[in-house]
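What follows is a single structure, written as structure tokens, with notes after it.
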Amino acid sequence: MPSLFSRLLSRGADKQLHEFQQIAQLVNDQEQACVALSDEELQAKTGEFRERYANGETLDDLLPEAFATVREASKRVLGMRHFDVQVIGAIALHKGTIAEMKTGEGKTLVSTLAGYLNAIPAKGVHIVTVNDYLAKRDSQNMGRLYGFLGMSVGLLQNGMQLADKKPSYDADITYGTNSEFGFDYLRDNMVTRADQRVQRGHHFAVVDEVDSILIDEARTPLIISGAGTKSADTYKDFARAVRGLQPEVDFDMDEAKHTIAATDLGLKKIESKLGIDDIYGDMSGQLVNHLQQALKAQYMFHRDQQYVVTEGEVKIVDEFTGRIMEGRRYSEGLHQAIEAKEGVYVREENQTLATITLQNYFRLYDKLSGMTGTAMTEDAEFREIYHLPVQAIPTNRPVQRKDLDDLVYRTVDAKFNAVAQDVIERHKNGQPCLVGTVSIESSEKLSRILDKRGIKHEVLNAKFHEREAQIVAQAGREGAVTIATNMAGRGTDILLGGNPDELYQEYLRELGLNETNASPARLKDLNEQAHYICAKEKEKVIAAGGLCVIGTERHESRRIDNQLRGRSGRQGDPGVTQFYLSLDDDLMRLFGGDRMDRIAQLMEKYEMPDDMPIKAKLVTKAVEGAQRKVEEINFAMRKNVLDYDDVMNTQRQVIYEERNKILDGKDLVSHIHEVTEDTVERCVDQYCSADIDSEDWDRTGLRKWVAELTGRTDLQDISDLQTFDELNDAILDYVETCYKEKSDKLSDDIMQELACQIMLRVIDTRWMSYLQEMDYLKTGIGLRGFGQRDPLVEYKTEAFAAFTELVNTMYEDFLRTILRIELRGMPEQEEQSSLSRATYSGPADVDGDHGAKHFKKQDNPHGQDKPATYRKDENDPYASVGRNDPCPCGSGIKFKNCHGRSAR
């Protein structure tokens with residue numbers, strides 16, 4: 001019996017559907033007026049709508065006419081008229097909901113209505129697909145319709161150069177995968193010039209196969225990482241350079257405050273050993289960080305106190321318990337510095353440069369919508385995470401498919417033999433069969449059985465999207481047998497009797513013909529032949545019972561099972577579905593519980609033969625119960641990923657907003673006085689607080705800080721200043737004088753450009769270090785649960801403290817760099833230096849801008865895809881640089897001391 005809550009939701013959904021049907025009737029009322037228009041008049045409608053929108057009409061006001069215009073244009077250009085249910089689906093998309101439409105209902109065509117209407121404001125509409133093939137196919141097919149109506153269409157593809165992406169994003173409608181959109185967003189917030197950004201905001205998105213993208217792939221965040229700042233050679237060089245320095249002569253150390261800094265004399269010694277002219281001349285701050293960590297490792301961290309070396313590894317010792325903290329590493333390069341000091345293997349680390357979860361990326365959109373054949377089972381998650389309700393859209397024709405009860409066998413072998421026998425019998429009758437498996441291993445096992453029995457078949461396992469789409473399109477031909485993982489070929493219609501267009505293309509490939517080297521008469525004959533064969537086969541297939549879908553195992557999610565079932569019975573076609581299960585299936589074994597044990601005992605008790613299945617409601621309930629358990633576990637996993645990313649999401653937006661202000665021309669020069677005031681006041685308070693007696697002030701420490709900040713030692717005597725305000729004013733005047741002397745040497749334009757570039761580098765370096773720190777924190781935070789403390793609360797507290805420190809010290813780093821930097825000529829800037837050696841990882845087919853291999857999906861018991869990684873190998877600016885040549889990054893430092901061999 002349905003709960004009160006589900007009944008209320010259902011009643012609300014029915015009311016909303018009724019509203020959508022009323023709006024659809026208004027669209028129908030406009031149809032005759034559009035039919036009467038000439039092509040030119042129909043095409044002029046786009047300009048008219050944009051003008052009316054600019055004059056104050058809303059998109060809701062324009063909807064009936066705009067939808068009717070697209071429907072008429074589709075009839076003329078594509079030969080397809082939108083059904084009323086497709087119009088209702090498009091209204092749901094426009095209203096920012098998820099439209100659940102069964103397979104074969106034409107969701108690709110539905111998106112054109114909502115896409116066109118929401119492109120009228122000219123802010124860009126993103127159509128998000130599950131793979132590159134579908135993005136390309138849909139942009140080409142639907143692009144003809146948009147083009148007819150005067151709207152531009154852009155396409156994002158793996159391997160596309162960044163320069164080609166800008167026009168794609170500037171188009172009215174942009175097709176691409178979720179990973180392409182997500183990584184482009186992250187990259188846009190790592191560039192050093194405004195014209196390197198490609199996206200232009202997040203106005204409206206239609207997510208096709210929304211359950212696959214926003215649910216299945218949301219377990220793994222998108223990550224751009226790189227090892228460019230983690231050169232083992234550089235750590236070793238710095239470890240050697242800081243050895244043998246004398247305390248209080250070459251460096252000053254405050255063990256209580258845990259700070260250490262090289263004196264001018266010590267700095268000269270270190271630079272001489274490294275062959276570097278000016279460590280502070282590195283605008284990225286990487287060399288300064290290497291120096292700081294090397295000094296800490298050599299003089300503040302001691303073997304068998306803070307750490308131990310066992311089996312060639314540096315392991316941290318817990319200062320409270322004295323136990324070794326397995327798997328933990330110091331952040332910001334300190335661990336590598338200690339490894340270099342001890343002469344053990346220096347482990348390279350992929351430092352996170354930028355990261356975002358798919359949930360938080362898609363929540364950037366002003367309006368988000370989606371469409372899929374299966375979303376109702378995840379309605380609660382869509383509402384909670386994305387604030388997206390799900391609206392079930394009626395089918396155009398009544399569903400005639402028969403969903404048979406599950407058959408349960410004792411063993412896996414008995415189950416597969418039964419599946420093979422069922423396939424053979426249906427194949428003899430000419431009925432096409434699509435066999436769904438949950439893993440590649442299962443599909444290959446069934447394939448071997450069918451091979452032995454002489455049944456010709458195709459095997460698909462979600463590796464090659466374009467080829468599999470062609471095969472799935474023909475899975476409805478007479479007697480066809482197709483074995484596929486449940487998600488293979490998703491987004492492709494299975495037509496009974498076969499797809500005549502695909503068959504026509506097959507003929508052309510076999511004969512080596514194309515549109516240019518064959519006569520129109522020959523092409524027409526082949527096309528007519530393909531349509532004739534498919535029409536004849538369709539009659540036979542319908543007589544045989546339509547497409548039979550066989551599931552060899554229940555998936556951990558009911559939604560995926562429904563997706564597989566939905567392949568059969570499209571547009572009122574006949575069809576049948578049957579699931580074969582065994583007690584040894586992973587789902588049953590791991591999550592079946594007591595019910596499965598009782599069923600196994602009953603089968604044993606009555607000595608049922610292996611080839612005899614059972615059908616019982618007890619089994620069906622046990623299976624659904626197991627699926628609900630796994631769905632809850634998976635939801636908790638996704639929610640956990642999101643909870644931790646939510647902590648950083650606000651911080652990420654603050655950092656990215658500041659970067660964008662700088663890129664868009666924020667006047668940093670006029671901002672310098674305010675920044676200097678805040679920095680000086682905070683640091684003077686650290687050494688000479690107004691809350692303590694002036695006799696206890698650390699004036700020496702303050703002088704050292706000022707010298708380290710400015711690179712100068714000519715600060716006047718401050719021993720006679722007795723009040724905090726006097727001291728603060730004196731330090732502020734001195735720092736501002738240093739800045740003025742520096743800026744007087746340069747023009748305002750150069751100073752502004754220099755300030756912007758330095759600030760961007762400081763923000764990026766700090767943010768990357770912060771991300772790494774958070775990675776380490778997240779790795780071990782779960783252990784705090786053993787101390788009866790909530791790990792998430794602890795993470796939030798520490799992340800807030802770390803981010804506050806980042807913001808407080810960001811401008812201090814900026815001042816330190818700009819006051820100490822010496823310009824010896826403006827080197828050519830390396831474009832997107834932080835991206836040049838980046839790797840990309842995410843849930844599925846991720847960005848391919850950086851060459852290399854395609855991602856191969858791996859199966860695991862929970863159906864999760866391992867992250868893919870792409871590496872940049874071609875056009876590498878570091879490929880042929882000598883060790884003593886200037887580094888191509890433009891730092892002016894010898895290559896061996898700057899990026900070294902890690903650049904490859």
Side-chain angles (χ1 to χ4, degrees), residues 227-282 284-317 319 329-349 351 701 704-705 707-708 711 713 765 769 816 820 883-884 887 891-903:
T229 62
K230 302 293 177 187
S231 163
D233 282 351
T234 308
Y235 283 111
K236 290 172 186 174
D237 290 342
F238 271 87
R240 284 190 290 269
V242 298
R243 283 191 194 121
L245 299 181
Q246 296 179 28
E248 297 181 9
V249 177
D250 298 321
F251 64 88
D252 294 315
M253 180 169 66
D254 186 334
E255 291 191 73
K257 293 182 178 174
H258 215 63
T259 59
I260 187 169
T263 62
D264 284 343
L265 181 62
L267 198 58
K268 285 176 183 173
K269 287 182 181 177
I270 293 165
E271 287 172 345
S272 175
K273 288 181 182 179
L274 290 169
I276 295 175
D277 294 331
D278 181 9
I279 283 177
Y280 283 91
D282 174 24
S284 71
Q286 292 174 15
L287 295 181
V288 178
N289 185 57
H290 278 303
L291 171 62
Q292 193 68 17
Q293 303 305 343
L295 287 170
K296 278 187 181 179
Q298 188 70 37
Y299 299 107
M300 300 188 73
F301 285 75
H302 307 288
R303 187 168 180 166
D304 297 330
Q305 290 182 32
Q306 285 89 0
Y307 65 90
V308 295
V309 179
T310 59
E311 299 175 356
E313 277 188 63
V314 171
K315 296 186 178 180
I316 302 173
V317 175
E319 60 178 312
R329 289 174 65 81
Y330 292 119
S331 61
E332 296 183 2
L334 177 59
H335 211 99
Q336 287 96 327
I338 296 172
E339 288 169 335
K341 164 194 167 184
E342 294 293 344
V344 300
Y345 176 71
V346 180
R347 284 171 56 190
E348 297 280 354
E349 290 196 15
Q351 181 178 353
K704 287 177 180 175
W705 174 78
E708 194 260 339
T713 57
T765 305
S769 297
R816 182 180 292 108
R820 298 185 66 130
R883 283 176 59 76
N884 292 310
C887 187
S891 63
I893 302 166
K894 287 181 181 177
F895 177 57
K896 67 179 181 181
N897 296 321
C898 186
H899 284 97
R901 285 195 291 272
S902 72

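Worth saying up front: this structure is predicted, and the values here are computed from it rather than measured.
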Can you check whether [X] reaches [Y] side chain to side chain, under 4.5 Å on heavy atoms?
X: I279; Y: F238; value: yes
X: K273; Y: R240; value: no
X: I316; Y: H335; value: yes
X: D250; Y: I270; value: no
X: E271; Y: L267; value: yes
X: L245; Y: Y299; value: yes

Nearest heavy-atom pair of [X] and [Y]: which atoms, and what distance?
X: Q293; Y: A337; result: O-CB, 3.6 Å
X: M300; Y: Q306; result: O-NE2, 3.6 Å
X: V344; Y: G312; result: CB-O, 3.5 Å
X: A239; Y: Q298; result: O-OE1, 4.2 Å

| field | Ring centres under 6.0 angstrom apart (F301, Y307) | value |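 Not close enough - the centres of the two rings lie 6.0 Å or further apart.
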For the atom pair [atom1] ([X]) and [atom2] ([Y]), what is the distance rounded to the nearest 0.5 Å?
X: H290; Y: L274; atom1: NE2; atom2: CG; answer: 10.5 Å
X: R820; Y: E708; atom1: CZ; atom2: CD; answer: 6.0 Å
X: Q246; Y: L265; atom1: CD; atom2: CG; answer: 8.5 Å

| message | Please determine whether a side-chain nitrogen of the Lys or Arg among R347 and E339 lies less than 4.0 Å from a carboxylate oxygen of the Asp or Glu. | response |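 So R347 does not pair with E339 through a salt bridge.
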| For T263 and V249, what are the C-alpha separation, side-chain angles and deciding distance, and is it a side chain to side chain contact (heavy atoms under 4.5 Å, CB included)? | CA-CA 7 Å; T263 62; V249 177; 5.9 Å; no
| Any donor-acceptor pair under 3.5 Å from S769 side chain to T765 backbone |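 Yes: the side chain of S769 pairs with the backbone of T765.
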| said: Going by side-chain contact (heavy atoms from CB on, under 4.5 Å), I260 matches just one of L291, L295, D252. Which one? | reply: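 With I260 as partner, side-chain contact (heavy atoms from CB on, under 4.5 Å) holds for just one option, L295.
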| task | Would you please test V308 and V314 for side chain to side chain contact (heavy atoms under 4.5 Å, CB included) and show each step? | result | CA-CA 6 Å; V308 295; V314 171; over 6 Å; no
